Amino acid sequence: NAGVMQNPRHLVRRRGQEARLRCSPMKGHSHVYWYRQLPEEGLKFMVYLQKENIIDESGMPKERFSAEFPKEGPSILRIQQVVRGDSAAYFCASSLSRDLNTEAFFGQGTRLTVV
Amino acid sequence: GEDVEQSLFLSVREGDSSVINCTYTDSSSTYLYWYKQEPGAGLQLLTYIFSNMDMKQDQRLTVLLNKKDKHLSLRIADTQTGDSAIYFCAETAEANNLFFGTGTRLTVIP
């Protein structure tokens with residue numbers, strides 16, 4: 001059973017381009033969470049999705065950012081018209097359920113660099 | 001909003017005990033977690049404690065929770081060089097959204 005898979009591991013984009021980050025949860029997990037880690041900072045929650053539904057997007061910027069978790073395929077975090085401040089590590093986690101004592105497994109992250 | 005604070009750096013000698021501290025502000029925190037992040041890797045859950053407990057021990061790891069002071073600590077006994085990593089404290093209350101501290105970078109000196 002593979003862990004949470006994120007790709008690409010590293011992504012370089014020029015200002016104004018689009019960045020698409022993919023996350024395949026662990027097998028059987030239908031709950032996906034995206035976090036952003038800025039340099040020298042902790043992780044900040046962005047969005048929580050369950051298959052085909054966005055449950056909580058309170059941590060996601062209102063503009064340029066969107067997330068989806070389709071019925072088939074990975075979850076996608078999409079950042080349009082990237083700016084330098086979007087440079088960060090983006091981590092995805094998945095869990096079996098929403099119970100608080102259910103472990104969330106993290107992927108290795110995608111490191112986005114905007115040049 | 002929720003705020004979770006940790007000191008940024010800690011250095012210990014191999015074989016000594018490490019104590020990593022964390023304070024949080026959300027009085028409704030239900031679960032508190034410790035995650036370990038090794039270079040270039042994702043986060044690995046080390047242990048968690050429910051808010052109605054004040055101590056949890058798991059092999060070399062001891063978690064202490066002072067709910068009154070909103071203070072959480074992680075003690076690593078007999079610290080090894082492989083324990084060098086960044087340790088994140090996190091808490092969650094209702095919505096299963098984890099709030100993380102800035103992380104403490106533990107350096108183990110041989």
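This one's a predicted model, so the numbers in the text were calculated from it and none came from an experiment. Within every chain, numbering begins at 1; the chains are lettered A, B, ... in the order of the sequence lines, protein sequences first and strands thereafter.
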J.: For chain A, which candidate among B:G101, B:A90, B:C89 shows the most heavy-atom pairs at distances under 4.5 Å?
T.: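 Heavy-atom pair counts peak at B:G101.
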
J.: So for atom CD, which belongs to B:Q57, do other residues, nucleotides or ligands contribute more than 12 heavy atoms lying within a distance under 6.0 Å?
T.: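 Enclosed: over 12 neighbouring heavy atoms sit under 6.0 Å from CD of B:Q57.
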
J.: For residues 60-68 of chain A, give me every residue with a non-hydrogen atom less than 4.5 Å from any non-hydrogen atom of chain B.
T.: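 When heavy atoms of chain B are the reference, residues 60-68 of chain A contributes no residue within the under-4.5 Å range.
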
J.: Hey, any chance A:Y33 and A:L77 share a hydrophobic cluster, counting ILVMFWY side chains that come within less than 4.5 Å of each other, even indirectly?
T.: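 Different hydrophobic clusters.
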
J.: Please tell me whether B:I76 and B:L72 are part of a single hydrophobic cluster in this structure, the criterion being side-chain heavy atoms less than 4.5 Å apart.
T.: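 Yes, because B:I76 and B:L72 connect within a single hydrophobic cluster, where side-chain heavy atoms sit under 4.5 Å apart.
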
J.: Given heavy-atom pairs under 4.5 angstrom as the criterion, report whether the side chain, backbone, both or neither of B:F50 touches chain A.
T.: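 No part of B:F50 comes within 4.5 Å of chain A.
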
J.: Is it the backbone or the side chain of A:Q6 that comes under 4.5 Å from a heavy atom of chain B, or both, or neither?
T.: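 Neither; nothing under 4.5 Å.
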
J.: Report which part of B:Q6 has an atom under 4.5 Å of a heavy atom belonging to chain A: side chain, backbone, both, or neither.
T.: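 Interface part for B:Q6: neither.
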
J.: In chain order, what residues pass the ring-ring contact (aromatic ring centres under 6.0 Å, His included) check against A:F91, with sequence neighbours excluded?
T.: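 By the ring-ring contact (aromatic ring centres under 6.0 Å, His included) rule, A:F91 matches no residue at all.
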
J.: For the side chain to side chain contact (heavy atoms under 4.5 Å, CB included) test, which of B:F88, B:F99, B:Y35 pairs with A:L43?
T.: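 Testing A:L43 for a side chain to side chain contact (heavy atoms under 4.5 Å, CB included) against B:F88, B:F99, B:Y35 leaves exactly one candidate, B:F88.
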
J.: When rounded to the nearest 0.5 angstrom, what is the spacing between OH in A:Y35 and CG in B:L98?
T.: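 One finds 3.5 Å between OH of A:Y35 and CG of B:L98.
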
J.: According to the salt bridge (Lys or Arg N to Asp or Glu O under 4.0 Å) rule, which pairs have a member within residues 56-84 of chain B, sequence neighbours left out?
T.: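 Every salt bridge (Lys or Arg N to Asp or Glu O under 4.0 Å) pair that includes a residue of residues 56-84 of chain B, provided the two are not neighbours, is B:R60-B:D83.
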
J.: Is there a path of hydrophobic side-chain contacts, each under 4.5 Å between heavy atoms of I/L/V/M/F/W/Y residues, joining A:L96 to A:V32?
T.: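 Not linked; separate clusters.
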
J.: So if you build clusters from Ile, Leu, Val, Met, Phe, Trp, Tyr with side-chain heavy-atom gaps below 4.5 Å, do A:L21 and A:F105 land together?
T.: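 Per the 4.5 Å side-chain linkage, A:L21 and A:F105 are not co-clustered.
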
J.: Mind checking the CD-OG1 spacing from A:Q37 to B:T102? Nearest 0.5 Å is all I need.
T.: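 Answer for the CD-OG1 pair, A:Q37 versus B:T102, is 10.0 Å.
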
J.: Look at the side-chain heavy atoms of Ile, Leu, Val, Met, Phe, Trp and Tyr, link any pair under 4.5 Å apart, and say whether B:V19 and B:Y87 land in one connected group.
T.: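 No: no chain of side-chain contacts under 4.5 Å links B:V19 to B:Y87.
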
J.: Enumerate donor-acceptor pairs with a distance under 3.5 Å from any side-chain N or O in residues 108-115 of chain A to protein atoms, sequence neighbours excluded.
T.:
from: A:Q108; atom 1: OE1; to: A:R9; atom 2: NH1; distance (Å): 3.1
from: A:T110; atom 1: OG1; to: A:P8; atom 2: O; distance (Å): 2.6
from: A:R111; atom 1: NH1; to: A:Q108; atom 2: O; distance (Å): 3.3

